[in-house]
Structure formats: structure tokens, C-alpha cells
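One structure below.
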Protein chains: 2
Amino acid sequence: MEIAHRLDGETSEKGARERFDRIYRTLRTRICMLDHPPLERLREEDLAAEFNVSRTPIRRVLVKLEAEGLLRSVHGVGTIVTDIEIDSLEQVYQLRVELAELIGKLSPIMPGEARMADFRALLARCDDLVRQPDPREFARTNMDFFHLLNGLTANEPLREISERLYYQTSRIWLKTASRFSRFTEMIEDEIRIFQREVADIVAAIEIGDLEVVGHIRRSHIAMSFARLRKHASGVAPANE
Amino acid sequence: MEIAHRLDGETSEKGARERFDRIYRTLRTRICMLDHPPLERLREEDLAAEFNVSRTPIRRVLVKLEAEGLLRSVHGVGTIVTDIEIDSLEQVYQLRVELAELIGKLSPIMPGEARMADFRALLARCDDLVRQPDPREFARTNMDFFHLLNGLTANEPLREISERLYYQTSRIWLKTASRFSRFTEMIEDEIRIFQREVADIVAAIEIGDLEVVGHIRRSHIAMSFARLRKHASGVAPANE
DNA sequence: TATTGGCTTGTTGTGCACAACATCATTCCC
DNA sequence: GGGAATGATGTTGTGCACAACAAGCCAATA
């Protein structure tokens, strides 16, 4: 009975928060990967059925995602994925640029051998990506790279804020690229640029200068946004 | 009937979000002012009765406050106000120091005449405070001053993040001061220092250099934390 | 007397039913 | 025939009852 009590505790109490996090991360990744594109309506009942819970815990997740700016619930209408425009994201990018530099300044953590292996593995994934371009895999690799970089600081508030801003902006890339006329070439170019960035940063980490990592990352984010802006202005709105 | 419908709309639909914000801000201010001191248990039913709603909307507010780090809900125990220690807040302060400087850099807004009047009025409140010190009024003035400063940037994500970090740290001052042996003198000293800071910043704003405002604010936040740390180390833990 | 087991009490988490609300189609009236 | 009111339908917000859980109390027993 003691054991049964323990089991109950593990599956419901600790499992409750784990389940909450699991649903939250799942939905966040989906929104980020445009599996739930902007303006799509998420029905609470569908989500509840999918995750085998009631609407109540789903609503907790939706409230959090709404606070992060990824969703917006309107009474009587539905819960819709927020739309993103490149102009309204300029401020977020400006902030991300500054925060990127802080990661190398505030409580930097020199990665151990295990972390270094992760970085090298990600660099290998980039090399594969260059040989075999794929937008979804690119987006996922970009996301994983961000989380690795975010682990370079011990400043937890900074990590949390950077993560939040990343998920607010990362969607714009896939959205802009998808309506770009020369889609394939743009993807290939961006992947090559990204591969170089990862190589540069991994090299800087191997040297042990995390401040340089911050500088590289800062300039790359700024240039990435500049390219995005150029592409967005060069293509007519698709008003699909 | 048309009018009645409008009234219903105002009191329920738009009023719903307004009510949510009102409850949220009320609780946040109370926690910040130590009306709900750390480790106090907030009962959802009590709050529901006080604000004349059910537990459900209250829980939405509590979920948000938990996401901000001010509360922590534990199943079967209660919703308790998070405790704060000066050591664990060092990272938050490091980040606040950097963000303070960004307010003068990213999309600064030169205040109009109305805003200038607000700043001067707050300076007048500081002068009154020097003549008649009061810890609660000091905390409230500090809060209002922060919001005024936060309005100097048009970068909304920066505003939101700064606000969040402010409410995570502002409590530590009242908490530390309250268990300091020479409480009154410390309050008077801090109020005088604060009054000088406000005077300096208002002067910088009158000149029109918002970047200087950021620098002043940055150094003042850093020095404020240093003083706090010194006081905290100089007083034996009250383990009340 | 110390310890352990169950029990009681109080809290948050969950599920469900209904209200409030928005949207769209339909129908009635001009 | 056109436009506006009205009902149908689907959605989120709310209230309430109950389940899950933790902690403290108390008594029974070694």
C-alpha cells in the first residue's frame, strides 16, 4: 500500500506538472513550426480529446501561451494563433540583439565535454542540412541551437526571457520564406549562412571566449533580421 | 434594449478582461507592498469572495502570478507567496541593470508636457517624503517612479520584461528593511538617496538626454543592490 | 512513553454543465 | 428585391461539485 501510494504520487502529483509542461511545449513547438499557422483556430475540446484530459488543464496551458503572446482567446470566437508581421517584430529583434550579447557577459558557463559534444553534433547536423536542405529540419535545428546557446549562461531570468522572445520571433522566418517566390534558393542560402554561424560560434566556444560568442550571435541575429526584411519588402504580399 | 445590450457588453465582455487586469494588478501590488508577505497562504475561496467572483477567474490570475514567479501553487497545500532571498536575486538585479540602460537606447520617447508634469509631481512627492518619511509611501512612490521611467521607451517587449523583473525584486527592499535594527534611519537615508536619484533623472530628462537617464538609472540600481547586500550581511537573520 | 497507523480536515486540481458571447444563415417586412 | 431583425450554432468564460492530495491530530500498541 505504501508502494501504491508512492505510485499514485508519481503519476498524478508530479505527473500533473510534467503533463502540463509536456502539453505546453508541444503546442509551443507546433506554433513555432507553423503546424498551427497564424490565425488558425484551436478548439479547446479538440486539444482536450487529443491529450486525454478535460478542457480545464488545457485552458491553463492556453492562458500561459496567451501570456507569452503566441495565442489570443476571444470570448465567443475562439482561441486563435497570433499573426506576426515583420514590422511589429522589429522591437523584439532589437531586444534580442542586446540580450544575445548579455549571454556571454552575465554568469557565463564554460561548457563541459558533454556539452561540447552536443555542439559538435549540432554542427554535424548543419553539415547534413547543407547537403540535404529541408525547411522544417532547418527550423528544428535552429531551435535546438538556440537552446544550446541559451545554456551558456547561468542567469536563469535571462534564459527565460531569451527563450520567450525567441519563440515570439522564430515563426516569422518560416512564414516569410513560405511566401517567397524563390523559396528553395532562399532556404539553401540561409542554411549555408546558418552553418557558418554555427561553425564560427563553436570555434569561439572551443577557444573559450564566451564574450566573442555573444558578439557573433548578436551580429548574426541583426543580419538575419535585415535579410528577412529585405526579402519581405521584395515580395508582394500574398494576401492568401 | 440596444442600450441594455451595450451595457451588458461593457460590464461582461470588455469588463471581463478589465476585471482580470484589476484583480491581477491588485494582488501584484499587495504582494509587492508586503500586504501579502512571503510564505503567506492565499486561499482561492477568500479571494473569490473578496472580488465577488468564483474560484475559476481567480485561478486564472493565480496562474499568471505563478508564471511571473510571485506565487507558487502546491496541490493539497495552498497557494503561497514566494519567498525571496537577496542571493538568489543577484542575477535578476544584474539583468535589471543592463535593461535599465536599454530604456534610453531602444526607441526612446521624449516625454510631452503632460508627462513632464508627472515627473515633476513625483519629484514633489519625493520632497514631501524626505520631510515625512514613511516606508509604505516610499515603496509606492518607488513603484510609480518605475512606471514613469518605463514609459520612456516605446519598445513594448522591453517595457513588459522590465516590469516583470521589477516586481520580482522590489519586495526584497521592504523585507530587508523591516528586519534591520536601525529601521528608521535606514529608511530616511534611502529616501534621501532616492530623492536625489529622481532629481538627477528629472534634470536629465529636462535636458532631453534619455541615454544619460539610462546611465543614471543603471548606476543607481546597481548601488541600491550593493547597499541592500551590505545591510543584509550586517544584520543577523531574524529567522522569525 | 514513544511510535506508528489511520483519520479528519483543509486545500488545490479536474470534470462537467451552463451562461455569455460572436458569427452566420434565414426569414420577415418594407 | 434589399435590408434588418432574429434565431441557430459554435465557441470561450464561469460556477459548482467532486477527486486528489498533504498535513496535523489522535489513539492504539509495543
Side-chain angles (χ1 to χ4, degrees), chain A residues 1-24 27 31 36 39-82, chain B residues 1-24 27 31 36 39-67 70-82:
Chain A
M1 175 195 176
E2 183 64 23
I3 293 175
H5 181 268
R6 289 290 179 194
L7 284 177
D8 280 342
E10 279 182 13
T11 51
S12 60
E13 154 51 14
K14 196 178 74 179
R17 190 163 288 269
E18 254 178 32
R19 182 178 60 184
F20 177 84
D21 269 7
R22 185 171 52 88
I23 298 176
Y24 168 73
L27 288 183
I31 295 173
H36 297 305
L39 301 186
E40 177 180 329
R41 281 207 335 234
L42 298 181
R43 299 193 343 106
E44 296 180 349
E45 262 186 81
D46 290 349
L47 297 175
E50 177 184 348
F51 292 102
N52 272 83
V53 289
S54 170
R55 275 180 56 204
T56 311
I58 292 290
R59 299 195 86 252
R60 289 189 55 172
V61 174
L62 297 187
V63 165
K64 184 168 181 182
L65 286 170
E66 185 178 5
E68 311 257 330
L70 299 181
L71 295 179
R72 174 159 182 82
S73 291
V74 182
H75 190 179
V77 178
T79 304
I80 62 179
V81 180
T82 54
Chain B
M1 174 196 176
E2 183 64 21
I3 295 175
H5 180 268
R6 290 290 178 196
L7 283 177
D8 280 342
E10 281 182 12
T11 50
S12 60
E13 154 51 12
K14 197 179 74 180
R17 190 162 289 269
E18 255 179 32
R19 181 178 60 185
F20 177 84
D21 269 7
R22 185 172 52 89
I23 299 177
Y24 167 73
L27 288 183
I31 294 174
H36 296 305
L39 301 185
E40 176 178 331
R41 279 206 338 234
L42 298 181
R43 298 193 343 105
E44 296 181 349
E45 263 187 80
D46 290 349
L47 297 174
E50 177 183 350
F51 292 102
N52 273 82
V53 289
S54 170
R55 274 180 58 205
T56 311
I58 292 291
R59 299 196 86 251
R60 289 190 56 175
V61 175
L62 298 186
V63 165
K64 185 168 181 182
L65 286 170
E66 185 177 6
L70 300 181
L71 294 178
R72 175 160 182 79
S73 289
V74 183
H75 190 179
V77 177
T79 304
I80 62 179
V81 180
T82 53

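In what follows, every heavy atom counts, from backbone to side chain, and hydrogens, waters and symmetry copies are set aside. Chain naming here is simple, since letters A, B, ... match the order of the sequence lines and numbering starts at 1 in each.
Between Ser73(B) and dT12(C), a side-chain N or O to OP1/OP2 separation shorter than 4.0 Å is absent.
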Give me the distances for all protein-to-nucleotides 14-17 of chain D N/O pairs that come in under 3.5 Å?
residue	atom	partner	partner atom	Å
dT14(D)	OP1	Arg19(B)	NH2	2.7
dG15(D)	OP2	Ser54(B)	N	2.7
dG15(D)	N7	Thr56(B)	OG1	2.6

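Counting non-hydrogen atoms under 4.0 angstrom, Glu44(B) reaches the backbone sugars and phosphates but no base. Within 4.0 Å of Leu42(A), counting heavy atoms only, lie sugar-phosphate atoms of the nucleic acid but no base atom.
Summarising the geometry, the separation between CZ on Arg17(B) and P on dT12(D) is reported as 14 Å, rounded to the nearest angstrom. Distance, His75(B) NE2 to dA19(D) P: 13 Å, rounded to whole Å. Rounded to whole Å, atom P of dT11(C) lies 18 Å from atom CD of Glu66(B).
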Can you list the steps and then say if Arg17(B) with Glu66(A) is a salt bridge (Lys or Arg N to Asp or Glu O under 4.0 Å)? CA-CA 13 Å; Arg17(B) 190 162 289 269; Glu66(A) 185 178 5; 3.3 Å; yes
Would you check, one step at a time, whether the test side-chain contact (heavy atoms from CB on, under 4.5 Å) holds for Glu50(A) with Asp46(A)? CA-CA 6 Å; Glu50(A) 177 184 348; Asp46(A) 290 349; over 6 Å; no
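In this structure, Arg60(B) satisfies the cation-pi test against Phe20(B), with its NZ or CZ atom closer than 6.0 Å to the six-membered ring centre and inside 45 degrees of the ring normal.
Judged by distance alone, the side chain of Thr82(A) and the main-chain N or O of Leu70(A) form a donor-acceptor pair under 3.5 Å.
Between Arg41(B) and Gly78(B), the shortest heavy-atom distance links the atoms CD-CA, 4.4 Å. Minimum interatomic distance between Tyr24(A) and Val61(A) (heavy atoms only, all atoms of both residues): CA-CG1, 3.7 Å.
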